[in-house]
Peer 1: 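Quick one: the structure is below, questions incoming.
As a basis for the values below, the full set of heavy atoms in this structure was taken, side chains included, without hydrogen atoms, waters or symmetry mates. Letters go in sequence order (proteins before strands), and every chain restarts at 1.
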Amino acid sequence: MALRIATWNINSIRLRRELVAKFLHFHAPDVLCVQETKVQDPDFPHAFFHKLGYRHIVARGMKAYNGVAIISRLPLKATLGERAGRDFCDRQDCRHISVKLPGGVELHNFYVPAGGDIPDPAANDKFAHKLRFVEEMTGWFADKAEHKGKKMVLVGDLNIAPLEHDVWSHRQLLNVVSHTPPETERMAALMETLGWVDSARHFVPADRKLYSWWSYRNRDWAASDRGRRLDHIWVTPNLKKSLAKSEILRAARAWDTPSDHVPVIVELA
DNA sequence: ATGGCTTACAAAGTAAGA
């Protein structure tokens, strides 16, 4: 039996719930992880997704900013207690939520801080926060006692484009937040912890351009195609042989009133 | 020319995204 997992930075779940419905209808993931829901938990549109057959929802949101949720047609088990997620950098800013899926796969949904404009932790607190956040993720996943032997999937808007061809111009973006060496080096260290497998690059060679985000500010995003791959689905090595398919839904960037991110999907056999 | 746009919010201009 196949398991389809998707991730999508939705940039307001209330504003774009019809777009999510369209995605669920045509792409039928079993589980959808969303980021930037921008809604407090009591206001999450549970009933809307229940009617679409997605009756299992865990959400962790706050007013105006951030927020993550897992929308599923399979039963979910919370693994981290009441709040369903872990706090990073001593902030309760709703950037992580995790559940266990039927069959035992543990799923982690992250919204890593964007990091602001200036790629210097001394001059920019947001960039410092981003680096610390990834370091703390690394420390946590490096704790073998907690994670040993588990089948795990890590998804989300990680806000880092790690490889040369995960951005439209490696040379021009080396000093732009999302593709700087301090970020990509930390992401590599995070991947090392459990030997995480980058599912999109498992199917697409490293020398092919691959993006999941295009700025709103571009006049014609498709023509200029100045994208970055900021959204990821990683699996632990014990799931590598189950990887059956990967898709980045570029077409969703052209949907009416789109998010600036598009859905990323993985299928596990 | 990467910021030209988009979102939320004790609503007119901020803050934030990345």
Peer 1: Return the set of residues passing side-chain contact (heavy atoms from CB on, under 4.5 Å) with A21(A) (not counting sequence neighbours), or none when no residue passes.
Peer 2: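 If we apply the side-chain contact (heavy atoms from CB on, under 4.5 Å) test to A21(A), skipping adjacent residues, the hits are E18(A), F48(A), L52(A).
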
Peer 1: Between dA16(B) and dG3(B), how far is it from one C1' atom to the other, in whole Å?
Peer 2: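 My reading of the C1' atoms in dA16(B) and dG3(B) gives 14 Å.
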
Peer 1: Has K63(A) got a side-chain N or O lying under 4.0 Å from the OP1 or OP2 atom of dA10(B)?
Peer 2: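 It does, given that an N or O in the side chain of K63(A) lies less than 4.0 Å from OP1 or OP2 of dA10(B).
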
Peer 1: Between D90(A) and R132(A), is there a salt bridge with N-O shorter than 4.0 Å?
Peer 2: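 A salt bridge is absent here (no side-chain N lies under 4.0 Å from a carboxylate O).
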
Peer 1: Indicate whether OP1 or OP2 belonging to dA8(B) is found under 4.0 Å from a side-chain N or O atom of S12(A).
Peer 2: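 Result: yes.
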
Peer 1: What is the distance, rounded to the nearest whole Å, between atom CZ of R14(A) and atom C1' of dC9(B)?
Peer 2: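 After rounding, the gap between these two atoms is 11 Å.
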
Peer 1: Would you kindly give the CG-to-C1' distance between N218(A) and dT2(B), to the nearest whole Å?
Peer 2: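 So the CG-C1' distance, N218(A) to dT2(B), works out to 8 Å.
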
Peer 1: Please measure how far the C1' atom in dT2(B) lies from the corresponding atom in dA18(B), and state the result in whole Å.
Peer 2: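 So the two C1' atoms sit 10 Å from each other.
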
Peer 1: Between dA1(B) and dA15(B), how many Å separate the two P atoms, rounded to a whole number?
Peer 2: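 Per the computed distance, 28 Å lies between those P atoms.
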
Peer 1: Could you state the atom-to-atom distance from CZ of R226(A) to C1' of dC5(B) in whole Å?
Peer 2: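 Rounding to the nearest Å, CZ of R226(A) and C1' of dC5(B) are 16 Å apart.
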
Peer 1: What I want to find out is whether K22(A) reaches D256(A) closely enough, with some N-O distance under 4.0 Å, to be called a salt bridge.
Peer 2: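 Not counted as a salt bridge, because no side-chain N and carboxylate O are separated by less than 4.0 Å.
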
Peer 1: Quantified in whole Å, what is the C1' atom distance between nucleotide dT6(B) and nucleotide dA10(B)?
Peer 2: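 Taking atom C1' in both dT6(B) and dA10(B), they lie 22 Å apart.
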
Peer 1: Which part of the nucleic acid does W214(A) contact within heavy-atom distance under 4.0 Å: base, sugar-phosphate only, or nothing?
Peer 2: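 Nothing, no heavy atom under 4.0 Å.
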
Peer 1: Would you say NZ of K51(A) has more than 12 non-hydrogen atoms from neighbouring residues, nucleotides or ligands within 6.0 angstrom?
Peer 2: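 Atom NZ in K51(A) is not crowded, with 12 or fewer foreign heavy atoms closer than 6.0 Å.
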
Peer 1: Base, sugar-phosphate alone, or nothing: which one does S224(A) contact when heavy atoms must sit under 4.0 Å apart?
Peer 2: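 Contact class for S224(A): none.
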
Peer 1: With a 4.0 Å cut-off on N to O distance, would you call D87(A) and R60(A) a salt bridge?
Peer 2: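 Yes, D87(A) and R60(A) are salt-bridged.
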
Peer 1: Taking the side chain from R73(A) and the backbone from A28(A), do they hold a donor-acceptor pair closer than 3.5 Å?
Peer 2: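 Between the backbone of A28(A) and the side chain of R73(A) there is a qualifying donor-acceptor contact (under 3.5 Å).
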
Peer 1: Q40(A) CD to dT7(B) C1': how many Å, rounded?
Peer 2: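 From Q40(A) CD to dT7(B) C1': 16 Å.
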
Peer 1: All N/O contacts under 3.5 Å from nucleotides 13-18 of chain B to the protein, with atom names and distances to one decimal?
Peer 2:
unit_1  : atom_1 : unit_2  : atom_2 : d
dG17(B) : O6     : R217(A) : NH2    : 2.3
dG17(B) : N1     : R217(A) : NH2    : 3.2
dA18(B) : OP1    : E36(A)  : OE2    : 3.4
dA18(B) : OP1    : H261(A) : NE2    : 2.8
dA18(B) : OP2    : Y111(A) : OH     : 2.9
dA18(B) : OP2    : N159(A) : ND2    : 3.1
dA18(B) : O5'    : N159(A) : OD1    : 3.3
dA18(B) : O3'    : R228(A) : NH1    : 3.2
dA18(B) : N6     : D117(A) : OD1    : 3.3
dA18(B) : N1     : R217(A) : NH2    : 3.4

Peer 1: Are the aromatic rings of H232(A) and W196(A) close, with centres under 6.0 Å apart?
Peer 2: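 No; W196(A) has its ring centre 6.0 Å or more from that of H232(A).
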
Peer 1: Output yes when at least one side-chain N/O atom of R16(A) is less than 4.0 Å from OP1 or OP2 of dT7(B), else no.
Peer 2: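 So the side chain of R16(A) is within the cut-off, an N or O lying under 4.0 Å from OP1 or OP2 of dT7(B).
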
Peer 1: Whole Å only: how far is the CH2 atom of W168(A) from the C1' atom of dT2(B)?
Peer 2: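 That distance rounds to 7 Å.
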
